[in-house]
2 protein chains.
Amino acid sequence: MSSESPGPAAAFASVAVGEFGDDLTPTGRRVTRRRQRTRERLMEAGFEVFAERGLSATIEEVCERAGYTRGAFYSNFRTTEELFFALYERLAAATLARAREAVSMARDAVGQAQSGGDVVEAAVEEFLSLAMSPDDRSWWLLSSEYALHAARDPEFAERLAVLRKRLQDELDHFIVSALAQAGLSATIQPEKLSRVLTALHMGALSQSFEDPDGPTYQELLRLALPFVIRGLTEPRSGGWHEPGQG
Amino acid sequence: MSSESPGPAAAFASVAVGEFGDDLTPTGRRVTRRRQRTRERLMEAGFEVFAERGLSATIEEVCERAGYTRGAFYSNFRTTEELFFALYERLAAATLARAREAVSMARDAVGQAQSGGDVVEAAVEEFLSLAMSPDDRSWWLLSSEYALHAARDPEFAERLAVLRKRLQDELDHFIVSALAQAGLSATIQPEKLSRVLTALHMGALSQSFEDPDGPTYQELLRLALPFVIRGLTEPRSGGWHEPGQG
DNA sequence: TGTATTAGATACGGCAATGTATCGAATGGC
DNA sequence: GCCATTCGATACATTGCCGTATCTAATACA
């Protein structure tokens, strides 16, 4: 009989974030293919429902979507916020995946344009030729939701910052190598270039969704991206030099 | 005795949006300095509370902040969403005001740099020297909230689109004349330039708030803005020519 | 100043979502 | 195939918020 425990769910809550290797429960061992399965389905449902209805979505809504009842939820998470937080890894993974995909397209284009025309222009163009995935709207909605929630809940913000940094680092590294493959190197701190590009990306994304009649995401980036890239990179001489470092 | 009415509040709800001139109530005349006053205070409270707690804020929270009880609220609005919507005008006004203020600073700088160095660089620099107002965070929060809510509620989106367009037009016009005063003219459709700049602005704003340890808003814009402006404007020859128009 | 009317406060009833406590069913080890 | 255990469903009490229906105090006009 649970006498002092704050509910068994607490211990599992952070599993999805990767805190634990896996497979441990308060009392001992014995976990559970079934559990993983329902966690998975709850998270999938959470993704959909949060995208549709935001963080004010109900626990019951999530459960219904997943095909469970509230009992299953409370056995796996403490609150909707907990589930929401656990979902961040998906957002990060999807972001990276899309970036990789888009850049690999661009890379091919660069190979061809290398000899002939403008490398940057060609790369950007190919990058943008990727139609945005239908999921992008959902991802954008979720991103905004994360930002808002973090802005209002310091504790959540703190936890999120850790994950966010992980993603940011991967993106930084990735962008640098992508540029390198295009024969370019940043003339400012690569992380800053990465932030500038991210800002541009997010701004264009937001605007295209907020005003469906306005310019598309592609159009906006097509207009701005080449100038920014050319302005902040150079043709692969030495790259960025740490200022004040001998 | 109200027999068929859906509540007296309905008729007033749209006043703040400027649908009606003012001063009309279901039964006849007789409105009301007092009413305006409380509307004002409710909206002010709404601004604060929505920024702090988002659209899931409670009617009671708003009323408490304003120093009223729920009775006052229902006498003026139907739902929190109604109040939220009415607040958009404030957002628009603040946006324009800030833009004007910032550009008027930049204008002065241009006057001085005209003869000497780089006009664009000087203007951007001065534009950015304006410290962001402490309210900016609240405005950003609210903007995101509008975007999210509109993305999820088509009806709200439709109503909002009207107001948004109004603001957009003002911004467009404003940016064009600001550029002109700096001796520049757009080489693409001015509205598109306006959107690009807005996207950049919003992206930088978001990022600076989402990641307080990262580059500031100013830093991000300082890095990107000059290249975009130079890329999409020219030194005031003729300006943009409608394509396919003789 | 007196009176008609309106703004806002107070007092319900109702509902939707929550969290817990308990129970039956599925699962994995033997 | 049996048993120990855990997972998820069900039942229940509770709470918070909403919207309406009155009621009282403030306001405009005579």
Side-chain angles (χ1 to χ4, degrees), chain A residues 1-13 15 22-43 45 49 53-84, chain B residues 1-13 15 22-43 45 49 53-84:
Chain A
M1 301 93 192
S2 55
S3 55
E4 79 297 318
S5 76
F12 300 141
V15 169
D22 51 358
D23 293 2
L24 274 178
T25 160
T27 51
R29 242 159 311 153
R30 189 82 163 287
V31 173
T32 49
R33 195 127 80 255
R34 190 192 183 188
R35 195 180 193 79
Q36 283 186 331
R37 167 80 177 145
T38 59
R39 261 192 94 86
E40 191 51 41
R41 289 174 62 172
L42 280 173
M43 290 179 67
V49 172
R53 306 238 314 110
L55 248 182
S56 65
T58 287
I59 292 182
E60 246 176 50
E61 286 176 293
V62 175
C63 294
E64 191 183 6
R65 181 71 57 101
Y68 291 102
T69 65
R70 297 210 333 284
F73 183 93
Y74 282 110
S75 171
N76 282 275
F77 302 94
R78 273 205 316 273
T79 60
T80 47
E81 186 185 304
E82 204 66 43
L83 168 56
F84 181 65
Chain B
M1 303 90 196
S2 54
S3 56
E4 79 298 319
S5 76
F12 300 142
V15 170
D22 50 1
D23 293 3
L24 274 178
T25 160
T27 51
R29 239 158 312 153
R30 190 85 162 286
V31 174
T32 50
R33 192 128 79 256
R34 189 194 184 189
R35 193 179 195 80
Q36 284 187 331
R37 167 80 177 146
T38 57
R39 262 192 93 86
E40 190 51 42
R41 290 173 61 172
L42 281 173
M43 290 178 67
V49 172
R53 305 238 315 110
L55 248 183
S56 63
T58 289
I59 291 181
E60 246 176 51
E61 286 176 293
V62 174
C63 293
E64 191 182 7
R65 181 70 58 101
Y68 292 101
T69 66
R70 297 213 329 284
F73 183 93
Y74 282 111
S75 172
N76 282 276
F77 302 94
R78 272 205 318 271
T79 60
T80 47
E81 187 185 303
E82 203 67 42
L83 168 57
F84 181 64

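Chain letters run A, B, ... following the sequence lines, proteins first and then strands; every chain starts at 1. Heavy-atom basis, side chains included; hydrogens, waters and symmetry copies ignored.
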- Which whole-number value in Å describes the distance from B/Glu81 CD to D/dG19 P? 11 Å
- Ignoring backbone atoms, establish whether B/Ser75 has a side-chain N or O less than 4.0 Å from OP1 or OP2 of C/dT6. no
- Query: For the side chain to side chain contact (heavy atoms under 4.5 Å, CB included) test, which of B/Val62, B/Thr80, B/Ile59 pairs with B/Val49?
  - Reply: B/Val62
- Check the distance between D/dC17's P and B/Phe77's CZ and give it to me in whole angstrom. 20 Å
- Nearest listed nucleotide, side chain of A/Arg33, among C/dG8, C/dG28, C/dG19: C/dG28
- Item | 5′-ward residue of the pair B/Gly67/A/Thr79 relative to DNA chain C | B/Gly67
- Query: So which nucleotide from C/dA9, C/dG28, C/dA7 ends up closest to the side chain of B/Arg34?
  - Reply: C/dA7
- If you check every side-chain atom of A/Ile59, which of C/dA9, C/dT18, D/dG8 has the closest atom? C/dT18
- Message: Within the structure provided, determine whether B/Phe73 and B/Glu60 are in side-chain contact (heavy-atom separation under 4.5 Å).
- Response: no
- B/Asn76 side chain near C/dA7 phosphate (N/O to OP1/OP2, under 4.0 Å): no
- Message: It should be established whether B/Thr58 places a side-chain nitrogen or oxygen under 4.0 Å from OP1 or OP2 of nucleotide D/dC17.
- Response: yes
- Of the listed D/dA9, D/dG8, C/dG8, the closest approach to the B/Ala72 side chain comes from C/dG8
- Message: Tell me whether A/Arg53 contacts the main-chain N or O of A/Thr58 through its side chain, where contact means a donor paired with an acceptor under 3.5 Å.
- Response: no
- Item | Atom-to-atom span, CD of A/Glu60 to P of C/dT18 - whole angstrom | 7 Å
- Euclidean distance, atom CG of residue B/Leu83 to atom P of D/dG19 [Å, nearest integer]: 13 Å
- Item | Heavy-atom pair with the smallest gap, counting every atom of A/Met43 and A/Phe77 | CG-CZ, 4.0 Å
- Message: Rounding to an integer number of Å, can you tell me how far A/Gln36 CD sits from D/dC7 P?
- Response: 11 Å
- Nearest whole angstrom, please: distance from the P of D/dA21 to the CZ of B/Arg70. 14 Å
- Query: Which residue lies toward the 5' end of DNA chain D, B/Thr80 or A/Gly71, if each is placed at its nearest nucleotide?
  - Reply: A/Gly71
- Against the side chain of A/Arg35, the closest entry in D/dC18, C/dT18, D/dC7 is D/dC7
- Rounded to the nearest angstrom, tell me the gap between atom CZ in A/Arg37 and atom C1' in D/dG8. 15 Å
- If you count the non-hydrogen atoms of other residues, nucleotides and ligands that lie under 6.0 Å from CD in A/Glu81, is the total more than 12? yes
- Among the candidates C/dT20, C/dA9, D/dA9, find the nucleotide nearest to the side-chain atoms of A/Tyr74. C/dT20
- Using whole Å, report how far CG of B/Leu55 lies from C1' of D/dC17. 16 Å
